[in-house]
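All values below were derived from every heavy atom in this structure, side-chain atoms included, with hydrogens, water molecules and symmetry-related copies excluded. Heads up: numbering here begins at 1 and tracks the sequence.
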Amino acid sequence: MWHFSLCLICIAVCVSAHKSSVNQAMENQQVVPDVIPVAPKEIIKINYLSGAEALLGNELTPTKVKDQPSVSWNADPNSFYTLCLTDPDAPSRAEPTIREWRHWLVGNIPGGNVSMGETLTGYIGSGPPPKTGIHRYVFLVYKQPSKLSFDEPRVSNRSAENREQFSINKFALKYNLGTPVAGNFYLAQYDDYVPILYQQFGINISN
């Protein structure tokens, strides 16, 4: 009985520390309040084909995050979710005049099965322009009240249209999503992959 009680205490402490770390990291990097007013309690696990992993503000290169990642969180199999990846630092953190830039948006995700969700905006990796410094890339998951009908324009991963001046907070209010249930983020700045990314939009840039 003593060992069982000790295990329960350890689990409670770990969960509390986990929640605190998400909140602290997002406040330290001002994800709260720049993107959302309140930090989620849980973390989203983000793993890329390159082997890179988002870890609450670690720095990753655009090269490492160019492919759509695998995403998982503590999901209820009987609920629907919305997943977003957004950059509040467009074109730069110092002057975010087109904040936010939407990199990925998927709704009506059954349980945690992102591949079965409704893609509203196709995934595009990080593309911070040259000489704009570090950008924050924020993943958020919202638990939907039910399956929803979204009236957002559908954007493919070959298009840069309808991505700028997005607000995930306003989107959540529009669809009554409440506060995010899970989140994560990483940092990135320009590397040699960025011009390749822009070429798929028909845009040429140089450093």
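The aromatic rings of F139 and W104 sit perpendicular to each other, their planes meeting at more than 60°, with 30° as the lower class boundary.
Residue L140 is grouped with residue F166 when hydrophobic side chains (ILVMFWY) are merged at heavy-atom distances under 4.5 angstrom, including chains of intermediate members. I124 and I44 fall into different hydrophobic clusters, where Ile, Leu, Val, Met, Phe, Trp and Tyr residues are linked whenever their side-chain heavy atoms come under 4.5 Å apart, directly or through other members. Both V138 and I168 belong to a single network of hydrophobic side chains, linked directly or stepwise wherever heavy atoms of I, L, V, M, F, W or Y lie under 4.5 Å apart. A single hydrophobic cluster is not seen to contain both I36 and V141; linkage of ILVMFWY side chains at heavy-atom distances under 4.5 Å, directly or through other members, places them apart. Cluster membership check: M26 does not share its hydrophobic cluster with L55, using side-chain heavy-atom separations under 4.5 Å among Ile, Leu, Val, Met, Phe, Trp and Tyr.
Taking 4.5 Å as the limit, every side-chain heavy atom of P33 sits out of range of all side-chain heavy atoms of V38. Using a 4.5 Å heavy-atom threshold, the side chains of S146 and F80 count as separate. Counting heavy atoms from C-beta on, the side chains of T82 and K143 never come closer than 4.5 Å. In this structure the side chain of K174 reaches within 4.5 angstrom of the side chain of E152, judged on heavy atoms.
Rounding to the nearest 0.5 Å places OH of Y81 at 13.0 Å from CG of N108. Separation of atoms CD (E53) and CG (N184) is listed at 8.0 Å; rounding is to 0.5 Å. Considering OH of Y190 and OG1 of T132, their distance stands at 10.0 Å, rounded to 0.5 Å.
Taking the centre of each ring, Y186 and Y137 come in below the 6.0 Å mark. In this structure, F150 has its ring center under 6.0 Å from that of Y175.
Residue K147 qualifies as open at atom NZ: its count of foreign heavy atoms under 6.0 Å is 12 or below.
In this view, H103 satisfies the side-chain hydrogen bond (donor to acceptor under 3.5 Å, both in side chains) rule with no residue, not counting sequence neighbours. Under the side-chain hydrogen bond (donor to acceptor under 3.5 Å, both in side chains) criterion, D76 pairs with S79, sequence neighbours left out. Take T179 and apply the side-chain hydrogen bond (donor to acceptor under 3.5 Å, both in side chains) test, not counting sequence neighbours, and it matches no residue.
Identified under the salt bridge (Lys or Arg N to Asp or Glu O under 4.0 Å) test for residues 91-111, with sequence neighbours left out: D34-R99. Applying the salt bridge (Lys or Arg N to Asp or Glu O under 4.0 Å) test to every pair with at least one member in residues 155-172, sequence neighbours left out, gives no pairs at all.
Considering every non-hydrogen atom in both L60 and A52, the closest pair reads CD2-CB, 3.9 Å.
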Exercise. Decide side-chain contact (heavy atoms from CB on, under 4.5 Å) for K45 and W73; before the verdict, give the C-alpha distance in whole Å, the side-chain angles of both, and the deciding distance to 0.1 Å.
Key: CA-CA 6 Å; K45 293 182 180 178; W73 64 94; over 6 Å; no
Quiz item: So N169 and S167, side-chain hydrogen bond (donor to acceptor under 3.5 Å, both in side chains) or not? Walk me through it.
Solution: CA-CA 5 Å; N169 194 46; S167 168; 5.4 Å; no
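Side chain of R136 to backbone of D89: no donor-acceptor contact under 3.5 angstrom is found.
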Taking distance alone, no hydrogens or angles, what donor-acceptor pairs closer than 3.5 Å link side-chain atoms of residues 61-72 to residues at least two apart or in another chain?
from: T61; atom 1: OG1; to: K64; atom 2: N; distance (Å): 3.2
from: T63; atom 1: OG1; to: D191; atom 2: OD2; distance (Å): 2.6
from: S70; atom 1: OG; to: N47; atom 2: O; distance (Å): 3.3

